[in-house]
Amino acid sequence: MSSQPSYDEIRALTMADPKAKKSVSLKDYPTRGDKVFESKKDAMASLEEDALAINELQDALFAGKAGALLVVLQGIDTAGKDGTTKECFKYTSPLGVHVHAFGRPTEIELAHDYLWRIHAAAPRKGYIAVFNRSHYEDVLVVKVRNLAPSKLVEQRYEQINRFEKHLIENGTRVLKLMLHISKEEQGQRLKERLEVPSKRWKFNPSDLEDRKLWPDYQDAYETLLQRCSTAWAPWHVVPADSRSRRDAIAARLIRQELEMMDPKYPDPGYRLEQYKID
Ligand code: ADP
């Protein structure tokens, strides 16, 4: 592929088919990303260009307040949800981007339906919200660890599809990125967390518990990719073994989503000749 792959090429490689009738297999999606960017240098150049463009588009989005963008990031521990956010929005004003990390629900959150806390964090018009984990945890960890009755979990796929449609019909575009890494790469990154002093704080022994459940998590991801990749909010499976390629692919998808929104600066509501500044 060329050093600057087009959006269509990236989309073709990453998008989970919204019409998939049979189950999706994650094995069909690469984890390396070298088919998109041959070299890390190409990926870094592309990221640079797209991160700058994202800043400009966000500025117009903020000024025009005509719509909002929600970026949903999911991925197994160490897949790089934090790093992707940092890189894609490195040139974007923090005033216009809100990042929400969803951890284990609090008592009050558990007393509501599972979408309550999610809807409350959805972006206002003019803003970009990034969800680091999301409502999809309610069909991932909750399913794998049996934290809710399976009958309730089963109903959630359709509820989530309807919820996302509701957001879209009310002016919020939804871009969903699953960061896809191999088990070997996760092993390397967990080791790195133990070995590098500045990364030790990120290590959580429960990550090892989840690693033991790897096949169950992969199954749960395959199910949600099949059932929640919709025509209005398709899932993209982003190869995430290489950090630079992952960030470049995510940035290209975010930039394109913003370009499709076509944000415009508003009419200022006055005539320039009305004012003279000396
Ligand atoms: P991260 O691993 O994303 O850096 P944390 O270490 O705070 O952040 O982990 C967040 C934890 O919260 C994860 O183990 C995740 O599975 C869990 N979590 C998120 N949403 C839910 C949920 N709805 N129900 C139960 N656990 C959840």
Side-chain angles (χ1 to χ4, degrees), residues 26 70-89 97-122 129-161 163-164 174 176-183 185-194 196-225 227-228 235 238 240 243 246-247 250:
L26 274 172
L70 169 60
V71 181
V72 173
L73 286 178
Q74 282 289 159
I76 210 122
D77 292 314
T78 75
K81 300 181 290 294
D82 296 345
T84 304
T85 306
K86 217 155 88 180
E87 287 299 317
C88 293
F89 296 104
V97 183
H98 292 156
V99 183
H100 301 268
F102 291 96
R104 207 167 294 150
T106 61
E107 205 177 319
I108 189 159
E109 286 169 350
L110 277 175
H112 290 82
D113 78 89
Y114 68 99
L115 290 173
W116 178 74
R117 65 174 182 162
I118 305 293
H119 203 166
V130 180
F131 284 0
N132 180 332
R133 302 186 188 270
S134 65
H135 40 305
Y136 284 97
E137 290 294 320
D138 293 282
V139 290
L140 284 165
V141 62
V142 171
K143 184 180 194 182
V144 171
R145 292 189 174 273
N146 290 313
L147 302 178
S150 52
K151 204 171 149 215
L152 288 189
V153 174
E154 182 56 31
Q155 293 172 349
R156 290 181 176 170
Y157 300 99
E158 266 313 303
Q159 291 169 349
I160 287 172
N161 290 344
F163 168 65
E164 290 174 355
V174 182
K176 303 186 301 204
L177 308 180
M178 182 224 167
L179 307 182
H180 181 33
I181 57 167
S182 61
K183 195 169 181 200
E185 180 64 23
Q186 191 199 41
Q188 284 303 321
R189 291 187 187 177
L190 287 171
K191 271 191 209 133
E192 208 180 303
R193 284 191 177 175
L194 285 176
V196 180
S198 63
K199 293 198 172 174
R200 284 194 189 130
W201 67 275
K202 280 194 165 194
F203 181 76
N204 183 338
S206 79
D207 295 350
L208 297 184
E209 294 301 313
D210 276 341
R211 184 168 164 80
K212 286 192 196 130
L213 296 168
W214 184 274
D216 300 321
Y217 274 105
Q218 297 286 293
D219 278 0
Y221 268 109
E222 287 175 345
T223 305
L224 74 80
L225 289 172
R227 298 184 62 182
C228 296
W235 269 105
V238 175
R243 291 179 172 97
R246 171 200 73 201
D247 298 339

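Note that ligands are numbered from 1 as they come in the structure, with each ligand's atoms numbered from 1 the same way.
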Any side-chain heavy-atom pair of R189 and R243 under 4.5 Å:
yes
Mind telling me whether H98 and H100 have parallel, tilted or perpendicular rings, with 30° and 60° as the class edges?
perpendicular
Residues two or more places apart in sequence or in another chain: which of them pass side chain to side chain contact (heavy atoms under 4.5 Å, CB included) with K86?
none
Protein residues that have a heavy atom under 4.0 Å from any atom of ligand 1, sorted by chain and number
D77, F102, G103, R104, P105, R117, R133, E137, D138, V141, V142, L147
Shortest non-hydrogen contact from R156 to V139?
CB-CG1, 3.7 Å
Under 3.5 Å, is there a donor-acceptor pair between the side chain of K143 and the main chain of Y217?
no
Side-chain donor or acceptor of S206 paired with backbone N/O of E209 under 3.5 Å:
no
